[in-house]
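Some notes on the structure that comes next.
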Amino acid sequence: MSDQPIIKISLPDGSVREYPKGVTGHQIAFSISEGLARNVLAAKVNGEVWDSSRPIEADATVTLLTWNDPEGKATFWHSSAHLLAEALEALYPGVKFGTGPSLEKGFYYDVDLGGQALSMEDFAAIEAKMQELARGKNQYLRQPISKADAISFFTEKGDEYKLELIDGLEDGQITFYTQGNFTDLCRGPHIPNTGIIKAIKLTNIAGAYWRNNQENKMLTRIYGITFPKQKELEEHLHQVEEAKKRDHRKLGKELELFAFSEKVGQGLPLWLPKGAMLRERLESFLKKAQLKAGYLPVVTPHIGSKALYVTSGHWEKYGKDSFQPIKTPDEDEEFMLKPMNCPHHCEIYKTKPRSYRDLPLRLAEFGTVYRYEQSGELHGLTRVRGFTQDDAHIFCRTDQVKEEFLRVIDLVLYVFKTLGFNDYSAQISLRDPENKAKYIGTDEDWEKAESAIIEASAERGLATVTELGEAAFYGPKLDFMVRDALGRKWQLGTIQVDYQLPQRFNLEYIGSDNQKHQPVMIHRAPFGSMERFIAILIENTAGQFPLWLSPDQIVILPISEKYADYAEEVFFTLQDQDIRGFVDHRDEKIGRKIRDAEVTKVPFMLIVGEKEQSEQLVSIRRKGEGDLGSMKVEDFIVFFQKEIKNNLTSF
RNA sequence: GCUGUUGUAGCUCAGGGGUAGAGCACUUCCUUGGUAAGGAAGAGGUCAGGGGUUCAAAUCCCCUCAACAGCUCCA
């Protein structure tokens, strides 16, 4: 009616429009343009995402969400999960449902098929059913429901998982959503109707524990992804294929960087010559920076007596799940493969009395450690059982913690920047306030350590996310997380403040007051581990490493065997300038040699034939770019060294 | 650790109850070639390992190991 109350809707462009009370997101969109109305998937009302069909009853700030908004996609995929569930219920009567959320890319639904096995071969039929249901353009209908009615609905259906979820919900806050013949317990929101879902692909199937708890039953998790257009699905699948080509396990084999052997053992990488050279370069790069940053190198053994880990607390915490103790001919004598370097470093600290003038003491070691990771966790070089940490422990006074922490952040950022790791996130990992028993140490120490990390991160302007319950058992951490080619997240650099170990090892120093004090320890590793870092480096660069790291920097390609001597001469000149590579003496045509050099990702090809030999030149070809013309060998050396200098700045 | 899938030549993969296949790589020979694959011949496998069914098993069944995907874990 004309005297309907009016409400004010603020839109993202700053405009404020008036609509009758009860207007929906869809109606607002329609008043702007028909095209927008067609594309609206949901509406963000005062910061909360709503169905675009839900009436707005008061003045509000509204953002209309489309496929271009992350929240629009999330809604689309969540609704797709419901569509999957509807298809499953149609094809597998009696199926029970766990949860079915959207993901960063796609969605899943956890289901219990009552012992019936489902495989990827069944996907085609399920996808077809989903397509059929999508074409029905069924609306997603929201329905608030009382707790009692919700319980009776799912009791009748016999779905104990939904009943368990309802159990944790508050009466009056419960909603159901129905599309077609399928009704689900769901907070929403959803897209207007199933017809918007045009392209459907089920991608994977795997087990997942109910409510993420190992003690619970394992459900079948079905993953999928959907798009509003077929073309977008095709593009997505293409991208996934491209990403697979960057997988470090594949490239590591192809480029002969590392290998695994069943006989050596699971999760124990073998570094091949090219990989070892790459790794050594990375090590010396960091060693150089650390020397400038005031670190002192130390070297400690690969094993330590069990007593060392009893003192550190690692024995109690991880003893059962570690490689088991090494015995000696001496009864009762036991050693452990070291799972961490810190206890050894604490003993180095204790080799002499320390004065406050000695602090901070920064002890650095590329220390190889061994951890018995769960077999299901092992993954290429990113999760292994023997790996080398670019470890260091900073022993300092309480008043130096923040300054030291800041200096470590700077070092980590330098490392990341030099290696082109721009896409990282900084995560502050604190202890789980609900479960303090998992950790050692007093509340006071934890609070001091946690605030030191939070302050230092803020001071360096890091964009951080905070995760509760992710701390190490002895202290909070600042972790630098990156993603691999397939989008999985891994921790690389880490900085941890620790008040516990100094206590357990009775570390002390004499202060200016001539009294004994306890130092604070900072554990830190900019790479994290050489193995994982190199894995990510391989994936980031697709195996095309920066010139200074490349195992072979140049290859010399003689046109024929007649120029072999000249090729050797050029090679030795370059080798004298520390330029790495080899001469391709094979009895092949130049086209073939070029192709093989391209495939093995050698940055520079130096072609030598009659013309080059007679004029003392080399013809330069850059991988991926092609012919750069001819130049004198000396000029190439200058050019080459300038290249390296440009992307390898010092700390 | 759990659930599922997979395991055939150095690599990528086809095959499938009746003597083991291809391409690339490798070896030898021919070719001495100018900017992304020259030609020919040859060699190479206990079909992951163990057990079972069968006249016969690489193939079917069971166990073990490993890899892969996800979950759980991660000092």
Side-chain angles (χ1 to χ4, degrees), chain A residues 103 108 110 117-121 203-223 244 247 249-250 253-254 256 259-263 265-267 309 312-319 321-322 338-343 369-380 382-385 389 391 429 439-440 470-475 477 486 488 490-491 494 496 498 500-501 523 557-564 587-599 605-612 619-630:
Chain A
L103 298 168
Y108 67 77
D110 283 348
L118 195 69
S119 81
M120 293 183 60
E121 282 159 27
T203 50
N204 202 0
I205 191 164
Y209 298 110
W210 168 235
R211 306 204 110 176
N212 296 336
N213 187 335
Q214 208 172 164
E215 308 298 314
N216 289 344
K217 183 169 178 180
M218 187 162 269
L219 304 179
T220 303
R221 178 168 295 179
I222 302 169
Y223 288 86
K244 280 185 188 161
D247 190 316
R249 293 166 297 186
K250 182 177 155 69
K253 193 181 275 181
E254 284 171 10
E256 297 179 5
F260 288 91
S261 145
E262 254 182 66
K263 222 161 202 166
Q266 271 187 291
Y309 302 102
S312 71
H314 290 103
W315 172 255
E316 197 199 333
K317 191 80 187 167
Y318 295 104
D321 303 317
S322 299
K338 72 175 171 187
M340 291 202 80
N341 302 299
C342 34
V369 297
Y370 297 89
R371 299 179 183 172
Y372 191 77
E373 304 286 2
Q374 289 186 2
S375 62
E377 270 320 312
L378 300 174
H379 184 95
T382 51
R383 193 81 180 266
V384 286
R385 285 181 172 164
Q389 297 178 311
D391 212 355
S429 301
Y439 311 94
I440 58 173
E470 293 293 310
F473 76 97
Y474 52 76
K477 330 185 260 176
L486 296 170
R488 306 168 179 108
W490 298 96
Q491 173 207 307
T494 181
Q496 314 179 0
D498 184 356
Q500 316 306 328
L501 277 189
H523 309 242
L557 311 179
I559 293 289
S560 87
E561 164 186 312
K562 286 188 269 183
Y563 315 106
D587 186 9
E588 292 290 350
K589 291 191 171 179
I590 195 66
R592 177 54 182 271
K593 292 183 183 180
I594 288 169
R595 184 190 141 77
D596 289 345
E598 287 280 348
V599 169
M605 287 157 253
L606 279 55
I607 295 161
V608 294
E610 172 148 27
K611 185 164 140 256
E612 287 77 13
S619 171
I620 312 294
R621 201 188 146 93
R622 190 175 197 139
K623 189 209 169 305
E625 287 178 26
D627 199 352
L628 299 185
S630 300

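Below, read A as the first sequence line, B as the second, and so on, with proteins coming before strands; counting in each chain starts at 1.
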- Query: Less than 3.5 Å between a donor and an acceptor, one on the side chain of Arg592(A) and one on the base of rA37(B), is that the case here?
  - Reply: no
- Item | Presence of Arg621(A) side-chain N/O under 4.0 Å of rG34(B) phosphate oxygens OP1/OP2 | no
- Query: Would you say rA67(B) has OP1 or OP2 under 4.0 Å from some side-chain N or O of His379(A)?
  - Reply: no
- Task: Look only at the side chain of Glu612(A) and the backbone of Gly609(A), and say whether a donor-acceptor pair between them is shorter than 3.5 Å.
- Result: yes
- Task: Pick base, sugar-phosphate or nothing for Asn213(A), based on heavy-atom distances below 4.0 Å to the nucleic acid.
- Result: nothing
- Note on the structure: Heavy-atom nearest pair, Ile594(A) first then Ile607(A), reads CD1-CD1, 3.8 Å
- Ignoring the backbone of Arg221(A), work out which of rU35(B), rG38(B), rG70(B) is nearest its side chain. rG70(B)
- Message: If you compare every side-chain N and O of Arg371(A) against the phosphate oxygens of rC74(B) (OP1, OP2), does one of them come in below 4.0 Å?
- Response: no
- Between rC74(B) and Arg383(A), is there an OP1 or OP2 to side-chain N/O distance shorter than 4.0 Å? no
- Task: Record whether the side chain of Glu612(A) comes under 3.5 Å of the base of rG34(B) through a donor-acceptor pair of N or O atoms.
- Result: yes
- Task: Between rG34(B), rU32(B), rG38(B), spot the one nearest the side chain of Lys589(A), thanks.
- Result: rG38(B)
- Query: Is Asp110(A) paired with Arg221(A) through a side-chain N to carboxylate O contact shorter than 4.0 Å?
  - Reply: yes
- Query: Relative to the ring of Tyr318(A), is the ring of Phe473(A) parallel (under 30°), tilted (30 to 60°) or perpendicular (over 60°)?
  - Reply: perpendicular
Using atom names, set out every protein N or O paired with an N or O of nucleotides 1-7 of chain B below 3.5 Å, distance rounded to 0.1 Å.
{"unit_1": "rG1(B)", "atom_1": "OP2", "unit_2": "Ser375(A)", "atom_2": "OG", "d": "2.5"}
{"unit_1": "rG1(B)", "atom_1": "N7", "unit_2": "Gln374(A)", "atom_2": "OE1", "d": "3.3"}
{"unit_1": "rG1(B)", "atom_1": "N7", "unit_2": "Gly376(A)", "atom_2": "N", "d": "3.3"}
{"unit_1": "rG1(B)", "atom_1": "N2", "unit_2": "Tyr209(A)", "atom_2": "OH", "d": "2.6"}
{"unit_1": "rC2(B)", "atom_1": "O4'", "unit_2": "Tyr209(A)", "atom_2": "OH", "d": "3.3"}

- Supply the atom-to-atom distance Ser630(A) OG to Ile620(A) CD1, rounded to the nearest 0.5 angstrom. 7.5 Å
- Relative to the 5' end of RNA chain B, which residue comes earlier, Gly624(A) or Ser322(A), by the nucleotide with the nearest heavy atom? Gly624(A)
- Dot-bracket for RNA chain B, 5' to 3', Watson-Crick and G-U pairs with both distances under 3.5 Å, [ ] for crossing pairs, | for partner on another strand, reads (((((((..((((....[..)))).(((((.......))))).....(((((..]....))))))))))))....
- Quantified in whole Å, what is the C1' atom distance between nucleotide rG52(B) and nucleotide rA57(B)? 11 Å
- Query: Does the pair Arg621(A)/Glu598(A) count as a salt bridge with the N-to-O cut at 4.0 Å?
  - Reply: yes
- Query: Considering only the P atoms, how many Å lie between rA22(B) and rA14(B), rounded to the nearest integer?
  - Reply: 16 Å
- Message: Under 6.0 Å from the ring centre and within 45 degrees of the ring axis: does the NZ or CZ of Arg385(A) meet both conditions for the six-membered ring of Tyr372(A)?
- Response: yes
- Note on the structure: Distance col, row Glu588(A):CD vs Lys593(A):NZ, nearest 0.5 angstrom, shows 8.0 Å
- Go through rU35(B), rG70(B), rA69(B) for me and flag the one nearest to the Asn204(A) side chain. rA69(B)
